[in-house]
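Just so we're on the same page: letters track the sequence lines, and every chain starts at 1. Keep in mind the model is a prediction, meaning the values are calculated, not measured.
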There are 2 protein chains.
Amino acid sequence: MLAIGQLSAETGTKVPTIRYYEDIGLLPQPERTAGNQRRYGKRQVDRLRFIRHCRDLGFPLSDIRALLDLSDDPDRSCASADTIARHQLREVERRLASLASLRQELCRMIDQCAGGTVADCHVIESLADHAHCIADRHMTPAPMEQHVDPPRRDPA
Amino acid sequence: MLAIGQLSAETGTKVPTIRYYEDIGLLPQPERTAGNQRRYGKRQVDRLRFIRHCRDLGFPLSDIRALLDLSDDPDRSCASADTIARHQLREVERRLASLASLRQELCRMIDQCAGGTVADCHVIESLADHAHCIADRHMTPAPMEQHVDPPRRDPA
DNA sequence: ATGGGACCTCCAGTAACTGGAGGTTCAAGG
DNA sequence: CCTTGAACCTCCAGTTACTGGAGGTCCCAT
Ligand SMILES: [Zn+2]
Ligand SMILES: [Zn+2]
Ligand SMILES: [Zn+2]
Ligand SMILES: [Zn+2]
């Protein structure tokens with residue numbers, strides 16, 4: 001049985017995040033010691049790994065919840081899992097397309113900057129007026145609510 | 001002078017969002033009618049357009065604040081504007097790279113699904129175990145806090 | 001027995017909005 | 001002039017997926 005800190009080290013998940021997953025019902029309530037501390041078994045470790053891997057692939061928690069439900073009974077058809085994955089793929093592709101066009105716009109802006117004063121900077125000018133843009137509209141990709149964990153050293 | 005709803009229509013910004021920008025000091029407090037309603041002039045319209053265009057290009061509000069400060073006095077050097085834009089470009093490129101690798105992983109997963117039960121679905125299996133992945137680590141791109149406005153019909 | 005690191009709960013904050021409740025104001029029609 | 005009703009006002013809570021801190025308890029190795 002692992003304490004929460006060990007589970008954290010094992011899965012690369014911050015301790016408050018684990019408790020958060022428990023709060024929102026993604027992780028079941030673990031056993032407790034007499035002194036009320038959480039103890040986790042192997043199943044929980046796997047479950048958390050699954051969650052984290054899905055998060056790393058950009059799945060929102062709502063999808064992960066559905067995927068966990070599915071993987072909880074192995075006899076069901078995998079159709080909905082595939083649907084979720086395909087949907088996620090479409091999302092990713094949508095975001096890729098938007099970002100590619102943003103990239104283009106930004107490149108153009110920056111290229112045109114001659115390095116003078118603000119008054120004649122093409123960056124500022126382009127930002128002020130979308131008419132300078134090539135794309136007729138920017139569709140900023142939907143968030144995808146990613147976790148960012150800043151460079152963390154391994155718990156060695 | 002425009003009422004807030006007209007400004008909203010003019011710039012494609014939701015009314016609560018305009019008030020929010022005012023709250024956080026991105027937009028100055030506008031004049032008011034005797035009955036306490038906001039009235040906006042042309043400068044405000046331009047300022048809001050600038051903000052929105054930047055948002056559409058993925059700039060975070062903190063950067064937009066800096067860009068607005070710059071564009072407020074045109075004699076300064078545009079160097080920092082360019083730095084911000086370049087930084088944003090790097091961000092976008094980072095996110096493009098991550099998404100490309102996510103896309104690859106998702107494609108592989110989906111391709112391998114034979115359509116049976118959950119027990120032998122490769123999608124579920126791949127999600128459960130990162131060892132099936134090609135990339136040795138997924139770096140989920142930082143959020144970039146985009147606004148999503150779901151298909152909204154024009155206030156005609 | 002004691003020290004200190006790991007643990008506990010609760011709460012607030014992040015980013016950038018979004019929506020609702022409950023109450024006013026504006027402008028047009030009668 | 002008066003009445004509607006749409007648009008406006010303020011304040012507050014909720015969204016997503018966490019993250020961090022305060023203040024207090026527990027575990028276990030010495
Ligand atoms: Zn410039
Ligand atoms: Zn543009
Ligand atoms: Zn399958
Ligand atoms: Zn993986």
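Taking every side-chain heavy atom of B:Ala3 into account, D:dC8 is the closest of D:dC9, D:dC8, D:dT19. Picking from D:dC18, C:dC8, D:dC8 the nucleotide with the shortest atom distance to the side chain of A:Arg38 gives C:dC8. Of all nucleotides listed (C:dC17, D:dA17, D:dC9), D:dA17 comes nearest to the side chain of A:Arg55. Checking D:dC18, C:dG19, C:dC17 against every side-chain atom of A:Leu61, the shortest atom distance belongs to D:dC18. Minimum atom distance to the side chain of A:Gln37 is reached by C:dC8, of the listed D:dT19, C:dC17, C:dC8.
In this structure, A:Arg39 places its CZ atom 7 Å from P of C:dC7, rounding to the nearest Å. Between A:Leu2 atom CG and C:dC7 atom C1' the separation is 15 Å, expressed in whole Å. If you take CZ of A:Arg65 and P of D:dC18, they are 12 Å apart, rounded to a whole angstrom. In this entry the distance linking OH of A:Tyr40 with C1' of C:dC7 reads 11 Å, nearest Å. Look at CD1 on A:Ile4: it is 16 Å from C1' on D:dC27, rounded to the nearest Å. Taking atom CG of B:Leu7 as the reference point, atom P of D:dA7 lies 15 Å away to the nearest angstrom. In this structure, B:Tyr20 places its OH atom 6 Å from P of C:dC17, rounding to the nearest Å. Atom CD of A:Glu22 is separated from atom P of C:dT9 by 7 Å (rounded to the nearest Å).
Although no hydrogens or angles enter the test, the distance criterion places no donor-acceptor pair under 3.5 Å between the side chain of A:Gln44 and the main chain of A:Leu27. Between the side chain of A:His122 and the main chain of A:Asp111, no donor-acceptor pair closer than 3.5 Å is present. Using modelled atom types, no side-chain atom of A:Glu91 and backbone atom of A:Gly58 make a donor-acceptor pair closer than 3.5 Å.
Side-chain N/O atoms of B:Arg32 include none lying less than 4.0 angstrom from OP1 or OP2 on C:dC26. Contact between the side-chain N/O atoms of A:Tyr21 and the OP1/OP2 oxygens of D:dC18 is found at a separation under 4.0 Å. For the OP1/OP2 pair of C:dT25 and a distance below 4.0 Å, the side-chain nitrogens and oxygens of B:Thr33 include no atom meeting the criterion. For B:Thr17 and C:dT18, the shortest distance from a side-chain N or O to OP1 or OP2 is below 4.0 Å. Regarding contacts with the backbone of D:dT10, every side-chain N or O of B:Arg19 stays at 4.0 angstrom or more from both OP1 and OP2.
Between atom CG of residue A:Asp63 and atom OG of residue A:Ser80 there is a gap of 11.0 Å, rounded to the nearest 0.5 Å.
Residues B:Tyr40 and B:Arg47 bring no donor and acceptor atom of their side chains to less than 3.5 Å of each other.
Along DNA chain D, the nucleotide nearest B:Asn36 and the nucleotide nearest A:Gly35 are compared for position; the residue whose nucleotide lies closer to the 5' end is B:Asn36.
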